[in-house]
Chemist: 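Quick one: structure below, then a few questions.
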Amino acid sequence: AQSVSQHNHHVILSEAASLELGCNYSYGGTVNLFWYVQYPGQHLQLLLKYFSGDPLVKGIKGFEAEFIKSKFSFNLRKPSVQWSDTAEYFCAVNKGGGADGLTFGKGTHLIIQP
Amino acid sequence: GAVVSQHPSWVICKSGTSVKIECRSLDFQATTMFWYRQFPKQSLMLMATSNEGSKATYEQGVEKDKFLINHASLTLSTLTVTSAHPEDSSFYICSATAQVRGYTFGSGTRLTVV
């Protein structure tokens with residue numbers, strides 16, 4: 001079974017700082033990779049996803065993530081964060097080629113200080 | 001875009017009673033729906049996968065007799081928590097997919113058993 005590890009449970013940054021949230025997965029086969037954001041009181045929203053092709057994926061709100069197969073990683077980045085980026089961020093994975101449910105990491109609580 | 005409606009958004013019930021949670025895909029037909037559970041400050045855990053017209057597939061450790069899932073149509077899946085106990089209190093989230101690669105999440109249901 002696959003698993004997902006998010007290294008940072010809480011991150012506090014100032015506005016305009018650069019962000020990188022780590023995500024590693026364990027699964028030997030082809031995977032689909034996702035990053036979701038959950039704003040307070042709201043449902044999960046997809047930030048970006050990777051299935052195949054260019055390992056550098058660009059998502060909404062200025063986020064991007066890079067799939068590094070050799071490191072089993074899919075880190076999320078944003079060059080300059082805003083106060084409105086305060087939220088919970090989840091990395092998720094499922095087996096590529098299928099329609100399985102997602103395996104989520106434990107999430108990272110990001111707080112942006114004005 | 002794809003929208004998934006989950007109802008109710010919160011519910012309080014007495015111990016020993018049953019609670020039904022509905023998940024509807026509003027503008028697409030969902031071939032597969034997923035049910036997740038999220039404990040406070042923890043990640044989403046996949047409980048079960050349901051396909052329209054067939055029995056749900058439960059993840060290891062999830063009691064199928066306690067968490068009854070019905071997927072009667074391509075737009076509706078229900079989760080019934082039977083004989084609820086305080087330890088069943090949690091945040092339940094559904095997700096629907098119409099394609100292999102797209103998942104849309106509901107806004108979740110906060111269940112409190114007293």
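Residue numbers start from 1 in every chain, and the chains themselves are labelled A, B, ... in the order their sequence lines are given, proteins ahead of strands.
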Chemist: What part of B:F91 gets closer than 4.5 Å to chain A, counting heavy atoms only: side chain, backbone, both or neither?
Modeler: side chain

Chemist: Tell me, yes or no, whether the heavy-atom count around A:H7 atom NE2, taken from other residues, nucleotides or ligands under 6.0 Å, exceeds 12.
Modeler: yes

Chemist: Test of understanding: clusters of I, L, V, M, F, W, Y form through side-chain heavy atoms closer than 4.5 Å, transitively. Do A:L76 and A:V81 belong to the same one?
Modeler: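 Same hydrophobic cluster.
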
Chemist: Is it the backbone or the side chain of B:Q38 that comes under 4.5 Å from a heavy atom of chain A, or both, or neither?
Modeler: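 Only the side chain of B:Q38 comes within 4.5 Å of chain A.
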
Chemist: Which region of B:F105, side chain (C-beta onward) or backbone (N, CA, C, O), has a non-hydrogen atom less than 4.5 Å from a non-hydrogen atom of chain A, or is it both or neither?
Modeler: both

Chemist: Could you go through the side-chain contact (heavy atoms from CB on, under 4.5 Å) check for B:Y103 and A:N94 one step at a time?
Modeler: CA-CA 11 Å; B:Y103 300 88; A:N94 75 347; 2.4 Å; yes

Chemist: State whether the number of non-hydrogen atoms from other residues, nucleotides or ligands found under 6.0 Å of B:K20 atom NZ is greater than 12.
Modeler: no

Chemist: Pick one of side chain, backbone, both or neither for A:E88, based on which atoms fall under 4.5 Å of a heavy atom in chain B.
Modeler: neither

Chemist: Determine whether A:L102 and B:Y36 satisfy the following criterion, side-chain contact (heavy atoms from CB on, under 4.5 Å), listing intermediate values before the conclusion.
Modeler: CA-CA 9 Å; A:L102 299 176; B:Y36 296 84; 3.5 Å; yes

Chemist: Is chain B contacted by the side chain of A:L44, its backbone, both, or neither, given a heavy-atom distance below 4.5 Å?
Modeler: both

Chemist: Any donor and acceptor pair, going by atom type alone, linking the side chain of B:S107 with main-chain N or O of A:H43 inside 3.5 Å?
Modeler: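 No, because the side chain of B:S107 does not come within donor-acceptor range (under 3.5 Å) of the backbone of A:H43.
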
Chemist: Do B:L44 and A:Y36 have side-chain heavy atoms sitting under 4.5 Å apart?
Modeler: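 A side-chain contact is absent here, since even the closest heavy-atom pair is not under 4.5 Å.
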
